[in-house]
**Q** 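Got a structure here, written out as structure tokens. Questions coming.
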There are 2 protein chains.
Amino acid sequence: MTRQINDGSFWREFEKNDITHSAAHYLMAIDVLRDEYGYARVTDVAEMLEISRGAASMAIAQLKKRDWVTEDRNRFLLLTDDGRRMAKLVEHNFRILSQFFEEVLGVSKELALADACKMEHLMSLETGRRLVWLMRYILSDDKRSKEIQKAMSCFVPGCESVDYCPLCDSQEECMLTIDTCDVHGTKKRAMEN
Amino acid sequence: MTRQINDGSFWREFEKNDITHSAAHYLMAIDVLRDEYGYARVTDVAEMLEISRGAASMAIAQLKKRDWVTEDRNRFLLLTDDGRRMAKLVEHNFRILSQFFEEVLGVSKELALADACKMEHLMSLETGRRLVWLMRYILSDDKRSKEIQKAMSCFVPGCESVDYCPLCDSQEECMLTIDTCDVHGTKKRAMEN
DNA sequence: TTCCTTTGTTCAGCATAATAAACGAACGCA
DNA sequence: TGCGTTCGTTTATTATGCTGAACAAAGGAA
């Protein structure tokens, strides 16, 4: 099996993503602030995101250039239709991913939120929608939902928990048995011993 | 329902991720090159990733500082145990995600690879392992697998395809019916008309 | 030995995304 | 009116990650 990683400069699509992680959070902050307080100013965004007003000012200036943010009659910040769409896309991706990680995969709430927050702005609309579709299917039937929960509940995080994985038998290394347990490098590699 | 996005500076964990997207691809390039040609030099990595030798030289210097990369007796690049673990983690995340998107969600191969490549270095080891576990469960039973494929095959990407979503009834907006269809801003918003 | 190529490094320049500090304008009160 | 605070912006600085150009060292061919 040929490894299909690192084909040319395909990997650099990461840089050309529609929106950066920080831009997404600026948009969402404006959205949330307007929802909760009725208005959003540079200072409010800076406070909410815990960054300096200067940084917020510059970042929001870029968002205005991109036509994602404008000002209303009172000079308060306002999302454009495009800006709202981007904010909603990322918000929904976050909700979908965190719900999927927590409720289907059984990951702890904390880790589910952390993983979802990192990936939220990178999942395409189509993939996100299909993930909702899948969760709708899984969670709509109580029996099916319970079965999956049961299957996931016997999950064992250790390397040696499984000696054969039907998913990977065509590949050189199984994704479950491969030693990626101690990525942070405290333990010795298990497979060598 | 309170929105749990933008709580303080939690969103900035993105910056503190163990590994950057580019660093992950440098490590994987070295891994693949050694696998396929038996050695890896700065120039080979630069060629594979389609970046300048200068950039590769500087990036790899950083990876050496982090103790992810060293040199062998012949001064060829070599992954340390930690470097190998990081490379394997990202490679496996890529495989898991792309397989999940394509085979379970039914996303096109192209989009599955693009999404997976963007998210590969951000998914935690635990979440990745649990996703393999889920896929193992789903794909191990032919009947179950077919049922999911059937459920996913009636997926309709349009906004108006669903008028009630049992997943979202406790939330203010449904993730499926919400108008995030034309994120790239060519169409007019469907819900307003 | 001389010449040319390959290889790896360094440097200047650019873009992004952040901080910290300074500053002007507007607001609010006594 | 004047003082102090708030607000938004600007500037200098830092760090990352890239390009392109220059350059030194090593190797191969005549």
Side-chain angles (χ1 to χ4, degrees), chain A residues 6 8-30 33 37 39-66 68-78 90 117-118 121-122, chain B residues 6 8-30 33 37-66 68-78 117-118 121-122:
Chain A
N6 293 325
S9 62
F10 176 70
W11 65 284
R12 272 205 283 183
E13 295 299 311
F14 186 76
E15 291 166 8
K16 292 167 202 145
N17 201 47
D18 283 343
I19 189 167
T20 64
H21 182 71
S22 65
H25 280 271
Y26 282 105
L27 293 183
M28 292 192 293
I30 294 172
L33 284 165
Y37 305 112
Y39 63 93
R41 296 166 305 170
V42 171
T43 302
D44 303 318
V45 173
E47 224 164 79
M48 169 165 269
L49 298 182
E50 294 185 11
I51 53 165
S52 66
R53 274 177 306 165
S57 177
M58 306 264 286
I60 289 169
Q62 291 304 308
L63 297 179
K64 285 177 181 169
K65 266 192 197 167
R66 285 230 210 177
W68 281 340
V69 170
T70 43
E71 293 174 355
D72 63 16
R73 317 96 216 156
N74 305 315
R75 313 214 345 99
F76 290 133
L77 297 173
L78 192 68
V90 177
C117 182
K118 287 176 183 174
H121 66 298
L122 296 167
Chain B
N6 294 326
S9 61
F10 176 70
W11 66 283
R12 273 203 283 181
E13 294 299 310
F14 186 75
E15 290 166 9
K16 292 168 201 144
N17 202 50
D18 283 343
I19 189 167
T20 63
H21 182 72
S22 66
H25 280 271
Y26 282 105
L27 294 182
M28 292 192 294
I30 293 171
L33 284 165
Y37 305 111
Y39 64 94
R41 297 165 305 171
V42 171
T43 302
D44 303 317
V45 173
E47 224 162 79
M48 170 165 268
L49 298 182
E50 294 185 10
I51 52 163
S52 65
R53 274 176 304 156
S57 178
M58 303 215 289
I60 288 169
Q62 292 303 308
L63 298 179
K64 284 178 181 170
K65 267 192 199 165
R66 286 228 208 176
W68 281 341
V69 171
T70 43
E71 293 174 355
D72 63 16
R73 317 96 213 156
N74 304 314
R75 311 208 356 93
F76 290 132
L77 297 173
L78 192 68
C117 183
K118 288 177 183 173
H121 66 299
L122 297 167

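In what follows, chains carry the letters A, B, and so on, assigned in the order in which the sequence lines appear, proteins first and then strands, with residues in each chain numbered from 1.
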**Q** With distance as the sole test, does H21(B) use its side chain to make a donor-acceptor pair with the main-chain N or O of W11(A) at under 3.5 Å?
**A** yes
**Q** Among dC18(D), dT9(C), dT19(C), which nucleotide sits nearest the side chain of I51(B)?
**A** dC18(D)
**Q** Return the nearest nucleotide to the side chain of R41(B); candidates are dT10(D), dT7(C), dT9(D).
**A** dT7(C)
**Q** Counting only side-chain nitrogens and oxygens, does Y39(A) get under 4.0 Å of the OP1 or OP2 atom of dC7(D)?
**A** no
**Q** When you measure from the side chain of A55(A), which nucleotide among dT19(D), dT19(C), dC18(D) comes out closest?
**A** dT19(C)
**Q** Classify the nucleic acid contact of E15(B) as base, sugar-phosphate or nothing, counting any heavy atom under 4.0 Å across all strands shown.
**A** sugar-phosphate
**Q** Counting distance only, does the side-chain N/O of N17(B) pair as donor-acceptor with the main-chain N or O of F14(B) below 3.5 Å?
**A** no
**Q** Remember a base hit wins even if backbone is also touched, and classify R12(A) as base, sugar-phosphate or nothing at under 4.0 Å, heavy atoms.
**A** sugar-phosphate
**Q** Heavy atoms from C-beta onward define the side chain here; which of dG8(C), dT9(D), dT19(D) lies closest to that of S57(A)?
**A** dT9(D)
**Q** Between dT6(C) and T43(B), is there an OP1 or OP2 to side-chain N/O distance shorter than 4.0 Å?
**A** no
**Q** May I ask you to evaluate whether R53(B) reaches the phosphate of dC18(D), defined as a side-chain N or O under 4.0 Å from OP1 or OP2?
**A** no
**Q** Under 4.0 Å, heavy atoms only, any strand: does S52(A) hit a base, just the sugar-phosphate, or nothing?
**A** base
**Q** Looking at I51(B), is its backbone amide N or carbonyl O close enough to the side chain of R12(A) to form a donor-acceptor pair, meaning the two atoms are under 3.5 Å apart?
**A** no
**Q** Check this one for me: any side-chain N or O of S22(A) less than 4.0 Å away from OP1 or OP2 of dT16(C)?
**A** no
